Amino acid sequence: MNFADAVIESIIEKKSYCVVGLDPNFECIPQFIKQENFAKYGHNLRGAVEAVYQFNKSIIDSVFDLVPAVKLQSAYYEVFGREGIEVFQRTSRYAKQKQLVVIGDVKRNDIGSTAEQYSKAYLGMMDLDLDDFYRPYEIDAITVNPYLGTDGIEPFVNDCNKYDRGIFILVSTSNKSSIEIQHLRNQDGRYIYEIVAEHVNEWGKETMGRHGYSSVGAVVGATFPQQAQSIRKLIKNSIFLVPGFGFQGADAEKIACAFNHDGLGAIINSSRAVIFSYMLEGYPEKEYQQAARKAVIKMTKNINETLAKAKKLAW
């Protein structure tokens, strides 16, 4: 199934636009989980990564029936080296077993030939000769940096079509210092993020699904709602992956402009405000799963009520 169609059908089935970001900052993982795994595997790297996997798995168990997708930020896994990459893969596979759309937040790109290898790794298949193919990562989409231009994007778009995968291209990110580059103007007075948005619109035309959306999406931060509104006018048929909800200060009112009037076109990511809500809301650490589930329910209700008020619900 076309990636955009898969996302949309999961949104409608779950009646939720929420994406849970699995960014397992080791310092915030409940102490009892760390202690259990250190006791079992040793006070070493293996014990640490097993604690991360146990935490991820239990968060997925708590929310899989509530959300269409999860997003794994690779930095929180790469910090553990080879063992961390293994946990990234194991977490992705487990999320797929729970019928979740899995987004790898890896922000890859390079010149054409190298971009082909990145795309093959995350979206495609590796040919081991004699028609023996291997898929390195069990994920459905990745984030991609556009700043090397078209030859760095085409391999990803090709594999989106070939393997029914997706990409989310960085257009306007949620961090405060993004304005240093993304909000610069060219000689015609257009912002850099607007120029990137126009390219995303073009790159996505060959990956349209039956719901009218492209598998080439855009990362559009919720912390700059005016920019999100202008980007939506430039990109009608892409799904926006919207970070910045919750911990970074964005609320449902700010993200409403990222949606089209059909109630589609955006999925909203929250990471720390969900998976570490037990800390933020003062729950006992052994109730971290219940806290995460309640945070997702609250987030979903908030977003759905806001969109219903704006007459933008998809169901």
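For the single chain, residues carry numbers from 1 onward in sequence order. What you see is a predicted model; the values in this text were computed from it and never measured.
By the 4.5 Å side-chain criterion applied to Ile, Leu, Val, Met, Phe, Trp and Tyr, Ile181 is assigned to no cluster and stands alone. As a member of the Ile/Leu/Val/Met/Phe/Trp/Tyr network built from side-chain separations under 4.5 Å, Met1 groups with nothing else and remains a singleton. Within the hydrophobic cluster formed by Ile, Leu, Val, Met, Phe, Trp and Tyr side chains joined at under 4.5 Å, directly or through other members, Phe224 is accompanied by Ile179.
Within the model, atoms CD1 of Ile192 and OG of Ser172 stand 12.0 Å from one another, a figure rounded to the nearest 0.5 Å. Put simply, OG on Ser214 and NZ on Lys205 are 11.0 Å apart, with the number rounded to the nearest 0.5 Å. Here the straight-line distance linking atom NZ of Lys236 with atom OH of Tyr213 works out to 10.0 Å at 0.5 Å rounding. Taking CD1 from Ile169 and CG from Asn109, the interatomic distance works out to 8.5 Å, rounded to the nearest 0.5 Å.
Contact between Leu241 and Lys71 at its shortest, heavy atoms only, is CD2-CD, 4.0 Å. Listed here is the closest heavy atom pair of Ser16 and Thr300: OG-OG1, 3.6 Å. A pairwise comparison of heavy atoms in Ala273 and Ala295 identifies O-CB, 3.7 Å as the closest pair. Residues Ala218 and Phe168 share a closest heavy-atom pair of N-CD2, 3.8 Å.
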Using the salt bridge (Lys or Arg N to Asp or Glu O under 4.0 Å) rule, take Asp140 and Lys96 through it: C-alpha gap first, then chi angles, then the decisive distance, then the call. CA-CA 9 Å; Asp140 300 295; Lys96 291 299 297 176; 2.9 Å; yes

Intermediate values then yes/no, salt bridge (Lys or Arg N to Asp or Glu O under 4.0 Å), Arg293 and Asp61: CA-CA 9 Å; Arg293 185 174 179 84; Asp61 287 341; over 6 Å; no

Going through the checks in order, is the side-chain contact (heavy atoms from CB on, under 4.5 Å) test met by Leu66 and Ile297? CA-CA 8 Å; Leu66 301 175; Ile297 291 171; 3.8 Å; yes

Residues Phe240, Val219; criterion side-chain contact (heavy atoms from CB on, under 4.5 Å); working and verdict: CA-CA 6 Å; Phe240 289 4; Val219 176; over 6 Å; no

Derivation of the side-chain contact (heavy atoms from CB on, under 4.5 Å) call for Met126 and Phe133: CA-CA 5 Å; Met126 179 66 185; Phe133 291 93; over 6 Å; no

When you look at Tyr94 and Arg90, which way does the side-chain contact (heavy atoms from CB on, under 4.5 Å) test go after all the steps? CA-CA 6 Å; Tyr94 188 73; Arg90 288 165 63 192; over 6 Å; no

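By the side chain to side chain contact (heavy atoms under 4.5 Å, CB included) test, Gln73 is found to be paired with Asp23, Ala75, Tyr76, Asp105, Lys107, residues two or more places apart in sequence or in another chain being considered. Applying the side chain to side chain contact (heavy atoms under 4.5 Å, CB included) criterion to Glu206, with sequence neighbours excluded, gives Asn161. Taking the side chain to side chain contact (heavy atoms under 4.5 Å, CB included) definition, one finds that Ala291 meets it with Ser277, Tyr278, Tyr283, sequence neighbours left out. For Glu13, the salt bridge (Lys or Arg N to Asp or Glu O under 4.0 Å) test picks out no residue, with sequence neighbours left out. For Asn37, the side chain to side chain contact (heavy atoms under 4.5 Å, CB included) criterion is met by Ile33, Tyr41, Glu50, Ala51, Gln54, not counting sequence neighbours.
Linking Ile, Leu, Val, Met, Phe, Trp and Tyr whenever their side-chain heavy atoms come within less than 4.5 Å puts Phe26 and Val79 in one cluster. If you chain together hydrophobic residues whose side chains sit under 4.5 Å apart, Ile111 and Val196 never meet in one group. No single ILVMFWY cluster, assembled from side-chain heavy atoms under 4.5 Å apart, contains both Ile195 and Leu148. The hydrophobic clustering, which links ILVMFWY residues whose side-chain heavy atoms are closer than 4.5 Å, places Tyr163 and Val144 apart. Ile267 and Met208 fall into different hydrophobic clusters, where Ile, Leu, Val, Met, Phe, Trp and Tyr residues are linked whenever their side-chain heavy atoms come under 4.5 Å apart, directly or through other members.
Applying the side-chain hydrogen bond (donor to acceptor under 3.5 Å, both in side chains) test to pairs two or more places apart or on separate chains, those with a residue in residues 145-154 are Thr150-Trp203. Within the structure, every pair that satisfies the salt bridge (Lys or Arg N to Asp or Glu O under 4.0 Å) test and touches residues 302-315, not counting sequence neighbours, is listed here: Lys301-Glu305. The ring-ring contact (aromatic ring centres under 6.0 Å, His included) pairs that include a residue from residues 296-315 are Tyr17-Trp315, where partners are two or more places apart or lie in different chains.
No donor-acceptor contact under 3.5 angstrom links the side chains of Asn304 and Thr306, judged on distance only. When only modelled atom types and interatomic distance are considered, Ser62 and Gln290 share no side-chain donor-acceptor pair under 3.5 Å. Side-chain contact, Asp159 with Ser119: a donor N or O sits under 3.5 Å from an acceptor N or O.
Within a 6.0 Å radius of NE2 in His183, other residues, nucleotides and ligands contribute more than 12 heavy atoms.
Here the side chains of Ile142 and Ile103 are not in contact, with every heavy-atom distance at 4.5 Å or above.
Within the 6.0 Å centre-distance limit, the rings of Phe88 and Tyr137 are counted as a close aromatic pair. Side-chain rings of Phe276 and Tyr288 stay apart, their centers remaining 6.0 Å or farther from each other.
In terms of modelled atom types and a separation under 3.5 Å, the side chain of Ser174 and the main chain of Gly221 share no donor-acceptor contact. Under a 3.5 Å cut-off, the side chain of Thr143 and the backbone N or O of Val106 do form a donor-acceptor pair. The backbone N or O of Arg190 sits less than 3.5 Å from a side-chain atom of Asn186, completing a donor-acceptor pair.
Screening Val216, Asn237, Asn158, Asp164 for a side-chain contact (heavy atoms from CB on, under 4.5 Å) involving Thr207 leaves a single residue, Val216.
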Please list every donor-acceptor pair under 3.5 Å in which a side-chain atom of residues 3-11 meets a protein atom from a residue at least two apart or in another chain.
from, atom 1, to, atom 2, distance (Å)
Asp5, OD1, Arg210, N, 3.3
Asp5, OD1, His211, N, 3.1
Asp5, OD2, Arg210, N, 3.0
Glu9, OE2, Arg210, NH2, 2.3
Glu9, OE2, His211, NE2, 3.3

